[in-house]
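Working notes for the structure below.
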Protein chains: 4
Amino acid sequence: MRKAPKQKRSREMVSRLLDATAATIAERGLDGTTTNHIAEQAGVSIGSLYQYFPDKEALVESLLTRMGEQAGLRFRQQAKKVDINAMNLHQVALNAIQFGILSIRLDPVMYEMIRNWSRVPIHKLLDPLERAFLVAAQPYFLKHYSNYPIHNLETKLYILINSTIFTAIRYAVQEESMIEEKELVETLADIIVRTLVPAA
Amino acid sequence: MRKAPKQKRSREMVSRLLDATAATIAERGLDGTTTNHIAEQAGVSIGSLYQYFPDKEALVESLLTRMGEQAGLRFRQQAKKVDINAMNLHQVALNAIQFGILSIRLDPVMYEMIRNWSRVPIHKLLDPLERAFLVAAQPYFLKHYSNYPIHNLETKLYILINSTIFTAIRYAVQEESMIEEKELVETLADIIVRTLVPAA
Amino acid sequence: MRKAPKQKRSREMVSRLLDATAATIAERGLDGTTTNHIAEQAGVSIGSLYQYFPDKEALVESLLTRMGEQAGLRFRQQAKKVDINAMNLHQVALNAIQFGILSIRLDPVMYEMIRNWSRVPIHKLLDPLERAFLVAAQPYFLKHYSNYPIHNLETKLYILINSTIFTAIRYAVQEESMIEEKELVETLADIIVRTLVPAA
Amino acid sequence: MRKAPKQKRSREMVSRLLDATAATIAERGLDGTTTNHIAEQAGVSIGSLYQYFPDKEALVESLLTRMGEQAGLRFRQQAKKVDINAMNLHQVALNAIQFGILSIRLDPVMYEMIRNWSRVPIHKLLDPLERAFLVAAQPYFLKHYSNYPIHNLETKLYILINSTIFTAIRYAVQEESMIEEKELVETLADIIVRTLVPAA
DNA sequence: CATGAATGAGTATTCATTCAT
DNA sequence: AATGAATGAATACTCATTCAT
């Protein structure tokens with residue numbers, strides 16, 4: 001019990017540093033972010049930063065983990081609101097894609113992280129989201145296809161999730177595109193349904 | 001007329017610098033590549049490099065353009081060899097995916113460029129490939145679906161191409177994956193067919 | 001009287017910190033040793049460390065003093081065992097050199113301190129050793145040369161002791177040497193005898 | 001021939017940087033010397049420094065090599081002046097020791113380097129000096145002892161050279177000593193003679 | 001046209017020491 | 001007395017680009 005205040009303080013510092021990391025990335029991009037900027041943004045000395053994180057990499061990784069957890073949570077909360085059980089697969093997919101695109105568009109850090117996916121441990125961000133989506137889709141699969149197991153489900157999901165994420169981020173990065181967002185989302189959802197439903 | 005030899009020399013120099021850029025990226029990765037390395041690799045002074053290219057960015061962009069053209073050419077040549085007219089859509093797709101995965105795996109520059117797609121003008125590489133694929137697929141569409149035009153074809157192709165490329169590169173980057181490559185390729189081809197064929 | 005336990009505790013703390021300093025130097029070298037490492041190694045807060053020692057320098061100096069005292073003691077104990085009175089000067093010298101080389105080789109802290117002799121108050125370590133050696137050699141001189149006082153004895157001893165110590169440490173630091181240790185030790189002892197014995 | 005001016009400029013820059021290194025070490029000590037100080041002292045950008053030396057270590061090593069060569073040269077020149085052939089061994093030794101002590105006392109860089117001998121490649125400095133001394137002593141040995149080869153000459157020289165150097169530097173480092181310099185030097189020379197002359 | 005020497009702002013990280021709790 | 005979180009000056013080294021020759 002005596003340790004509580006210290007642990008709380010420590011947790012607060014970690015949280016403050018992660019907030020500062022996010023703010024700095026949002027402001028200056030991943031490449032433009034330095035540990036000194038982060039410390040300054042956090043209103044903390046650079047020495048303190050290194051007392052809580054061994055290096056810059058650890059800071060980014062922690063932020064990604066936190067982002068993953070929070071995004072997963074937000075997705076599940078949103079899924080509850082919409083009463084996912086009443087929806088068909090197309091609607092579930094549409095929902096998820098919209099959530100993803102909105103996240104990327106509204107959260108510059110999310111945008112920056114996925115843009116630089118191969119230079120950061122992006123799975124820390126994506127894995128929780130993947131799990132959240134699978135959990136959300138599970139009842140649907142159980143209800144409708146429990147006796148008709150989908151062939152290669154794992155591979156299909158791997159492809160669909162990666163496809164959706166990277167199509168969305170590439171669409172977001174492109175400054176101008178001939179394609180309308182609504183159409184893109186609809187078509188993506190369509191592809192998902194066609195792929196997962198054995199023979200609709 | 002007097003300019004001809006100069007222009008030839010100029011073209012040779014440009015080509016030499018692009019070769020050096022590619023070699024250096026292959027050897028040291030995109031981040032590890034410096035303009036001085038490139039000049040040295042080309043056997044040319046750094047000053048000369050800057051006479052032909054305004055900055056590093058321009059060098060990378062030119063290389064991407066050249067890579068795109070060459071890859072498009074290779075794809076078309078290979079498509080000719082296989083007699084694409086005799087294949088069904090599934091086989092055409094399989095062909096293209098295999099071509100892409102092989103390119104990424106065998107060409108370290110291609111790999112490196114796509115890995116860092118958001119930091120380079122990746123469209124210079126992908127657009128020609130996209131066009132080459134469309135040209136190759138065109139006779140197929142004309143032959144089979146000329147009177148039943150596919151809905152949203154452009155959007156679908158945009159999605160499918162991006163999906164294939166990024167699923168492939170993310171698969172290539174991952175050090176270990178539970179999924180077998182053959183299954184991944186098959187499933188990707190499957191998704192493409194299901195998406196493009198209205199109701200097979 | 002009330003102070004007694006405190007003083008004991010204080011002495012224990014000092015001793016603990018010196019042990020920790022030695023252990024850390026042995027483990028990480030003098031340059032790699034930080035005050036925080038020492039405090040951690042001692043199982044004590046960094047703040048407490050600074051309650052007992054004003055700075056890092058004082059810590060090292062105290063350790064050197066303690067090492068000097070202990071090494072002097074060990075040397076005297078060993079000298080007793082061997083019955084130094086029955087030995088001739090060559091054997092006495094051989095004995096001392098072997099003791100020194102062994103100390104440097106077996107005790108990483110001793111090695112590290114002498115290696116960095118000019119950055120630490122090395123005399124705190126060497127003076128007691130010098131005195132111990134002089135005390136050990138005294139009866140020999142009294143017995144054999146009391147009526148033929150050695151000219152410049154003090155200077156000669158100063159030179160011989162420094163020569164022996166630094167030849168030994170330089171030999172220990174060198175990774176490869178053409179010279180065999182046995183020969184080195186024998187020759188050193190020889191030099192000492194020739195120097196101290198007026199005309200043998 | 002066309003390369004001459006460039007090579008000259010390069011040699012000048014190297015020389016200028018080594019001068020600056022020496023000046024900085026003389027001014028601030030080895031530990032207080034930073035690459036930025038050196039560049040500033042040389043009136044050159046830090047980038048230029050790193051164009052000529054890969055790292056700080058290389059700079060120090062080069063300086064030591066140059067110092068060794070120059071010191072060896074100075075020693076030989078001085079030896080010529082004194083007509084070493086007319087001297088006996090005691091005078092030769094005295095000469096060398098005086099030269100060494102003077103070098104250490106008058107050249108703060110020499111002093112600093114030897115003081116920190118275990119942290120710099122000190123052999124780059126000492127080897128040329130050793131060789132110069134051997135060359136200077138050679139005629140003496142040939143003349144007087146060619147038919148009575150000295151036992152263990154190599155080992156003896158190793159010990160005597162190290163002994164002399166480190167006794168001298170330790171004497172120089174000590175702020176106060178009971179011993180007079182003249183006596184120290186005389187006694188050192190004496191020890192050298194007694195050691196090298198089988199039975200005078 | 002070609003050269004390549006020179007630039008210098010910028011980056012991650014360390015560690016002795018302090019002082020509020 | 002004890003704690004340990006916080007400090008911040010300091011350090012070695014990089015690399016795209018320029019411009020005098």
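Quick note: numbers below take in every heavy atom, side chains included, and nothing from hydrogens, waters or symmetry partners. Lettering follows sequence order; numbering is per chain, from 1. Fair warning: this is a prediction, and the values are worked out from it, not measured in the lab.
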Using whole Å, what does the distance between atom [atom2] of nucleotide [N] and atom [atom1] of [X] come to?
X        : N       : atom1 : atom2 : value
Arg11(C) : dA1(F)  : CZ    : P     : 15 Å
Glu40(A) : dG8(F)  : CD    : C1'   : 13 Å
His37(B) : dC15(F) : NE2   : P     : 7 Å
Leu17(A) : dT13(E) : CG    : C1'   : 15 Å
Phe53(D) : dT14(F) : CZ    : C1'   : 18 Å
Leu49(C) : dC15(E) : CG    : P     : 16 Å
Ile38(B) : dG4(E)  : CD1   : C1'   : 16 Å
Met13(D) : dG4(E)  : CE    : P     : 16 Å

Report summary line: The residue, Ser45(B) or Thr33(C), whose nearest nucleotide of DNA chain E is more 5′ is Ser45(B)
Query - 5'-most by nearest nucleotide on DNA chain E - Lys56(C) or Ile46(D) - result: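 So the residue in question is Ile46(D).
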Query - Closest to side chain of Gln51(C), choosing from dA1(F), dT7(F), dC13(F) - result: dA1(F)
Report task. Select one nucleotide: of dC13(F), dT17(F), dT13(E), the one nearest the side-chain heavy atoms of Tyr50(D). Result -> dC13(F)
Query raised in the report: Hey, is Arg66(D) close enough to Glu69(D) for a salt bridge, meaning N to O under 4.0 Å?
Result: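 Result for this pair is no, no salt bridge flagged.
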Report task. May I ask you to say what Thr34(B) touches in the nucleic acid, namely base, sugar-phosphate or nothing, with a heavy-atom cut-off under 4.0 Å? Result -> sugar-phosphate
Requested in this report: Describe the nucleic acid contact of Tyr52(A) in one word from base, sugar-phosphate, nothing, applying a heavy-atom distance below 4.0 Å.
Outcome: sugar-phosphate
Report task. Give a yes/no answer on whether the side chain of Ser48(C) brings an N or O atom under 4.0 Å of OP1 or OP2 in dT3(F). Result -> yes
Query raised in the report: For dC15(F), does either OP1 or OP2 sit under 4.0 Å from a side-chain N or O belonging to Thr35(B)?
Result: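 For dC15(F), neither OP1 nor OP2 has a side-chain N or O of Thr35(B) closer than 4.0 Å.
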Report task. Nearest-nucleotide wise, let me know which of Glu57(B) and Asn36(A) is further upstream toward the 5' end of DNA chain F. Result -> Asn36(A)
Query raised in the report: Between Asp31(D) and Gly47(D), which is nearer to the 5' end of DNA chain F once each is assigned its nearest nucleotide?
Result: Asp31(D)
Query raised in the report: Between Arg28(D) and Thr34(D), is any pair of side-chain heavy atoms under 4.5 Å apart?
Result: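 Result no, sub-4.5 Å side-chain heavy-atom pair not found.
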Query raised in the report: How long is the span from the CG atom in Leu126(D) to the CZ atom in Arg170(C), to the nearest 0.5 Å?
Result: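 Result: 5.5 Å between the selected atoms.
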Report task. If dA20(F) has a Watson-Crick or G-U wobble mate with both distances under 3.5 Å, name it; if not, just say none. Result -> dT3(E)
**Report entry** Any strand: nucleotide that pairs with dT11(E) via Watson-Crick or wobble, under 3.5 Å
**Finding:** dA12(F)
Requested in this report: Would you check if the side chain of Lys124(C) reaches a backbone N or O of Val60(C) as a donor-acceptor pair within less than 3.5 Å?
Outcome: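 Here the side-chain-to-backbone pair does not exist.
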Report task. Show your reasoning for whether salt bridge (Lys or Arg N to Asp or Glu O under 4.0 Å) applies to Asp31(B) and Arg119(B). Result -> CA-CA 11 Å; Asp31(B) 280 333; Arg119(B) 307 198 300 152; 2.7 Å; yes
